[in-house]
Number of protein chains: 2
Amino acid sequence: MTEQGFTTTRATSIVGISYRQLDYWARTDLVRPSLVDAAGSGSRRLYSYRDLLELRVIKSLLDAGIKLESVRKAFNYMREHMNGDIAAAHLVISGSDVMVCEGGELIDVMNRAGQGVLVNVLALGGVKLSLDQQIRAQDEQESREQRPPTPIASRRAV
Amino acid sequence: MTEQGFTTTRATSIVGISYRQLDYWARTDLVRPSLVDAAGSGSRRLYSYRDLLELRVIKSLLDAGIKLESVRKAFNYMREHMNGDIAAAHLVISGSDVMVCEGGELIDVMNRAGQGVLVNVLALGGVKLSLDQQIRAQDEQESREQRPPTPIASRRAV
DNA sequence: GCTCGTAGTTACGCGCGTGTCATCAGAGCC
DNA sequence: GGCTCTGATGACACGCGCGTAACTACGAGC
């Protein structure tokens with residue numbers, strides 16, 4: 001199921017960002033497609049599920065009002081310190097520090113917030129859930145659009 | 001003590017931002033000096049202690065990588081919902097929601113983070129503390145510079 | 001080999017400041 | 001009062017980051 005990888009257009013609609021934004025992020029090394037990278041005009045990028053997860057996390061951070069510059073720093077760190085089990089972890093950003101930690105350590109982190117430093121917390125499990133949900137929704141919609149003949153008419157309505 | 005209000009230059013050195021930044025914030029209505037606002041070229045702004053507190057909070061948010069746009073929204077809300085006892089409160093920003101709440105409710109907030117939404121937490125007490133500390137430090141330095149004769153020589157060194 | 005869709009590229013806009021200079025209020029001096 | 005001196009405000013142009021619009025170029029699949 002879910003054929004190998006995601007094209008840029010599928011990625012944009014699943015993650016909820018524009019093509020230009022995704023393109024810009026790829027060019028500026030924020031998230032490069034890990035399956036197939038672009039190789040000159042006319043080639044096609046191909047994103048992995050993991051890539052989508054990262055893209056979704058980034059979108060969450062941006063939506064929460066974090067500057068892209070901070071996001072870049074956070075991901076430079078995250079890429080080195082993530083060993084698989086994303087689901088239960090929390091991403092914590094505090095000033096220039098970034099951490100990925102489990103629920104228990106969270107209380108710890110909150111104490112650091114006492115010093116007058118702002119702390120950002122994002123549960124990665126929740127992000128993964130909503131991403132999966134979105135992928136399923138898109139799959140359904142696509143098969144609904146392709147199987148019943150309802151042919152060109154619906155396309156022209158746009 | 002601490003004569004009535006703070007001039008812009010004192011405010012910048014206490015809060016730790018540039019004059020142009022403070023000026024920009026005043027012009028764009030982020031933080032206006034509540035004691036004396038500018039009244040044409042040549043006039044002088046005068047900031048209250050409360051203003052400095054706000055400025056410091058804003059700096060904390062920016063240092064943590066929050067976009068100024070989000071900061072503006074947060075303050076529009078905060079100004080309506082702050083009734084004095086800042087010390088024990090936490091400022092919480094989550095997506096487009098802003099809250100000011102006490103320690104107990106924090107656990108509650110952390111649960112919201114489970115949904116895959118990012119949560120920003122800032123302890124206002126800590127901010128106040130470090131602000132007071134900074135003001136004292138500046139006061140001391142100033143009296144050290146003015147009392148002992150060590151006259152023009154030290155100024156020329158610049 | 002032709003079309004379609006994606007990548008590449010350039011110019012542009014907006015937000016957030018910064019550099020710079022003219023302008024002007026107020027303090028101090030005469 | 002009139003004068004200069006100081007230093008803050010106003011204003012305007014500019015730079016950087018983050019995209020977007022619009023157009024070109026090119027590869028893949030029919």
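Since this is a predicted model, take the numbers as computed values, not measurements. Letters A, B, ... mirror the listed sequences (proteins, then strands); counts begin at 1.
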Without decimals, in angstroms, what is the distance between [X] [atom1] and [N] [atom2]?
X: A/Leu30; N: D/dG17; atom1: CG; atom2: C1'; result: 12 Å
X: A/Leu68; N: C/dG15; atom1: CG; atom2: C1'; result: 14 Å
X: B/Lys67; N: C/dG17; atom1: NZ; atom2: P; result: 14 Å
X: B/Leu46; N: C/dG26; atom1: CG; atom2: P; result: 13 Å
X: B/Leu22; N: C/dC16; atom1: CG; atom2: P; result: 16 Å
X: B/Gln21; N: C/dT18; atom1: CD; atom2: C1'; result: 10 Å
X: A/Glu69; N: C/dG17; atom1: CD; atom2: P; result: 12 Å

Side-chain donor or acceptor of B/Arg27 paired with backbone N/O of B/Leu22 under 3.5 Å:
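It does not hold such a pair.
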Check: A/Thr28 side chain, A/Tyr24 main-chain N or O, donor-acceptor pair, under 3.5 Å
yes
Is [Y] paired with [X] through a side-chain N to carboxylate O contact shorter than 4.0 Å?
X: A/Asp63; Y: A/Lys59; value: yes
X: A/Arg10; Y: A/Asp139; value: yes
X: A/Arg45; Y: A/Asp23; value: yes

When all nucleic acid strands are considered with a 4.0 Å heavy-atom cut-off, which category describes A/Arg27: base, sugar-phosphate, or nothing?
base
Categorize A/Thr28 for me: base, sugar-phosphate, or nothing, with a 4.0 angstrom heavy-atom threshold over every strand shown.
nothing
Atom pair CZ (A/Phe6) and CD (A/Gln138), whose distance is rounded to the nearest 0.5 Å:
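One gets 10.0 Å once the value is rounded to the nearest 0.5 Å.
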When you get a sec, tell me which of [options] is the closest nucleotide to the side chain of [X]?
X: A/Tyr19; options: D/dC18, C/dA7, D/dT9; answer: C/dA7
X: A/Asp23; options: C/dT6, D/dA8, C/dT9; answer: C/dT9
X: A/Arg44; options: D/dG27, C/dC16, C/dA25; answer: D/dG27
X: B/Leu62; options: C/dA7, C/dG17, D/dG10; answer: C/dG17

Side-chain N,O ([X]) to OP1/OP2 ([N]) below 4.0 Å:
X: B/Thr7; N: D/dA8; answer: no
X: A/Thr8; N: C/dA7; answer: yes
X: A/Ser41; N: D/dG27; answer: no
X: B/Arg72; N: C/dG15; answer: no
X: A/Arg45; N: C/dA7; answer: yes
X: A/Ser18; N: D/dT20; answer: yes

If you assign each of B/Arg20 and B/Tyr24 to its closest nucleotide in DNA chain C, which residue comes earlier from the 5' end?
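Residue closer to the 5' terminus by nearest nucleotide: B/Tyr24.
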Could you check A/Trp25 against A/Gly40 and say which one's nearest nucleotide on DNA chain D is further toward the 5' end?
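Between the two, 5'-proximity favours A/Trp25.
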